[in-house]
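Some notes on the structure that comes next.
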Amino acid sequence: MLCRLSVCGRGKLRCVPALAYCSSREKHTLPDLPYDFGALQPHISAEIMQLHHSKHHATYVNNLNITEEKYAEALAKGDVTSQVSLQAALKFNGGGHINHTIFWTNLSPNGGGEPQGELLDAIKRDFGSFEKFKEKFNTVSVGVQGSGWGWLGYNKDSNRLQLAACANQDPLQGTTGLIPLLGIDVWEHAYYLQYKNVRPDYLKAIWNVINWENVTERYRASKK
């Protein structure tokens, strides 16, 4: 039986017959922002947030749905050549959807400051101090050539926090195995209208709206 792996429930994979998947698959949708477009000002402008969410993220969602439909058709036909040719589009648009869905929740108008409790303890253990962690995170993110993301991830094998940079829209877990806790988008569309080409200024400002409660929740969940 030809199957298509589909994410369901708590992120587990299940095998869905390809022909059934073509007709029954639920399309991905653009998630609502948990705050107004202008809620992160003055650190991130309302114009940037509106374009970033309503245009850029929406485009990834739309193209992911189109690509998955083509992939399901190719799978049903047993067309391996087409399946292979669609992998790049699945990675790019699927990654764009995954990354941005995390990103919006990593931000909050009530964010900033430092994390508390077990996450802060882990940061101090693995990076020396919270300030050293921020410096290293900014260095990794500034160093992304072209477009990409800076990430704080959890390495389940070593029980350690790790920093990583991902190019383009490569999803952290799918490409490194690290569980994503905090991602910062360093594509120019995330900051250019406000910070021009000065990425370090954007990175300095965004710490004022980091939602540490969300990052802590992700850390706790990743350890289960």
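Counting begins at 1 with the first residue of the sequence.
Here the options are Tyr192, Trp104, Trp187, the test is ring pair (Phe, Tyr, Trp, His ring centres under 6.0 Å), and the partner is His52; only Trp104 passes. Exactly one of Lys136, Lys132, Arg160 qualifies for a side chain to side chain donor-acceptor pair (under 3.5 Å) with Asp126. That residue is Arg160.
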Leu161 vs Leu119, test: side-chain contact (heavy atoms from CB on, under 4.5 Å). Steps then yes/no. CA-CA 9 Å; Leu161 300 177; Leu119 178 58; 4.3 Å; yes

Checking Ile184 against Tyr202 for the side-chain contact (heavy atoms from CB on, under 4.5 Å) test, could you report, in this order, the C-alpha distance in whole Å, the side-chain angles of both residues, the deciding distance, and whether it holds? CA-CA 10 Å; Ile184 295 183; Tyr202 159 68; 3.9 Å; yes

Go through the steps to decide whether Lys27 and Glu68 satisfy the test salt bridge (charged side-chain N to carboxylate O under 4.0 Å, His left out), and finish with yes or no. CA-CA 9 Å; Lys27 290 189 176 183; Glu68 283 198 340; over 6 Å; no

Begin from the C-alpha positions of Asn214 and Ser108 and carry the test side-chain contact (heavy atoms from CB on, under 4.5 Å) through to its verdict. CA-CA 9 Å; Asn214 179 263; Ser108 169; over 6 Å; no

Could you go through Phe127 and Leu163, starting from their C-alpha distance and side-chain angles, then the distance that decides it, and tell me whether this counts as side-chain contact (heavy atoms from CB on, under 4.5 Å)? CA-CA 10 Å; Phe127 301 102; Leu163 297 177; 3.7 Å; yes

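In this model, a donor atom of one side chain and an acceptor atom of the other lie less than 3.5 Å apart for Gln169 and Trp149. Between the side chains of Asn138 and Trp207, a donor-acceptor pair is found at a separation under 3.5 Å.
You'll find the side chain of His189 stays beyond 4.5 Å of the side chain of Leu51, heavy atoms only. With a 4.5 Å cut-off on side-chain heavy atoms, Val186 and Leu203 count as touching. Within the 4.5 Å cutoff, no side-chain heavy atoms of Thr176 are placed close to those of Asn155. Side-chain contact between Asp170 and Lys91: present, with at least one pair of heavy atoms (C-beta onward) separated by less than 4.5 Å. You'll find the side chain of Arg218 reaches within 4.5 Å of the side chain of Ile102, heavy atoms only. Taking 4.5 Å as the limit, every side-chain heavy atom of Leu178 sits out of range of all side-chain heavy atoms of Trp151. Between Ser222 and Leu181 the shortest side-chain heavy-atom distance falls below 4.5 Å. Side-chain contact between Phe130 and Lys124 is absent, with no heavy atoms from C-beta onward closer than 4.5 Å.
Glu118 contributes no side-chain N or O that, together with a main-chain N or O of Arg220, makes up a donor-acceptor pair within less than 3.5 Å. Asn208 contributes a side-chain N or O that, together with a main-chain N or O of Ala205, makes up a donor-acceptor pair within less than 3.5 Å. Judged by distance alone, the side chain of His43 and the main-chain N or O of Pro109 form no donor-acceptor pair under 3.5 Å.
In terms of hydrophobic clustering, with Ile, Leu, Val, Met, Phe, Trp and Tyr side chains grouped at heavy-atom distances under 4.5 Å, Phe92 and Phe103 are assigned to a common cluster. The hydrophobic clustering, which links ILVMFWY residues whose side-chain heavy atoms are closer than 4.5 Å, places Leu40 and Ile48 together. In the hydrophobic cluster analysis, where Ile, Leu, Val, Met, Phe, Trp and Tyr join through side-chain heavy atoms closer than 4.5 angstrom, Leu33 is grouped together with Val209. Note on Val198: it does not cluster hydrophobically with Val144, by side-chain heavy-atom contacts below 4.5 Å among ILVMFWY residues. Note: the hydrophobic cluster containing Tyr35 also contains Phe37 (ILVMFWY, side chain heavy atoms under 4.5 Å, direct or indirect links).
In this structure, Trp212 and Gly113 approach most closely via the heavy-atom pair NE1-O, 3.2 Å. Of all heavy-atom pairs spanning Tyr195 and Pro42, the tightest one is OH-O, 4.2 Å. Contact record, Pro171 with Gly95: CD-CA, 4.1 Å, taken as the closest heavy-atom pair. The shortest non-hydrogen separation linking His100 to His57 is CB-ND1, 3.4 Å. Of all heavy-atom pairs spanning Ser129 and Ile123, the tightest one is O-CG2, 4.1 Å. Contact record, Asn106 with Gly183: OD1-N, 2.9 Å, taken as the closest heavy-atom pair.
Taking NZ of Lys70 as the reference point, atom CG of Leu86 lies at 7.0 Å (rounded to 0.5 Å). The NZ atom of Lys77 lies 11.5 Å from the CD atom of Gln83; values are rounded to the nearest 0.5 Å. Taken to the nearest 0.5 Å, the OG1 atom of Thr105 stands 9.5 Å off from the CG atom of Leu182. Annotation: the span from Ile179 atom CD1 to Lys223 atom NZ amounts to 11.5 Å, rounded to 0.5 Å.
Enclosure of atom CG in Asn159 by more than 12 non-hydrogen atoms of other residues, nucleotides or ligands within 6.0 angstrom is indicated. Open room surrounds CD on Glu213; 12 or fewer heavy atoms of other groups in view lie less than 6.0 Å from it. Surrounding NZ of Lys156 are more than 12 heavy atoms belonging to other residues, nucleotides or ligands, all under 6.0 Å away.
Using cut-offs of 30° and 60° for the angle between ring planes, the Phe137 and Phe133 rings count as perpendicular.
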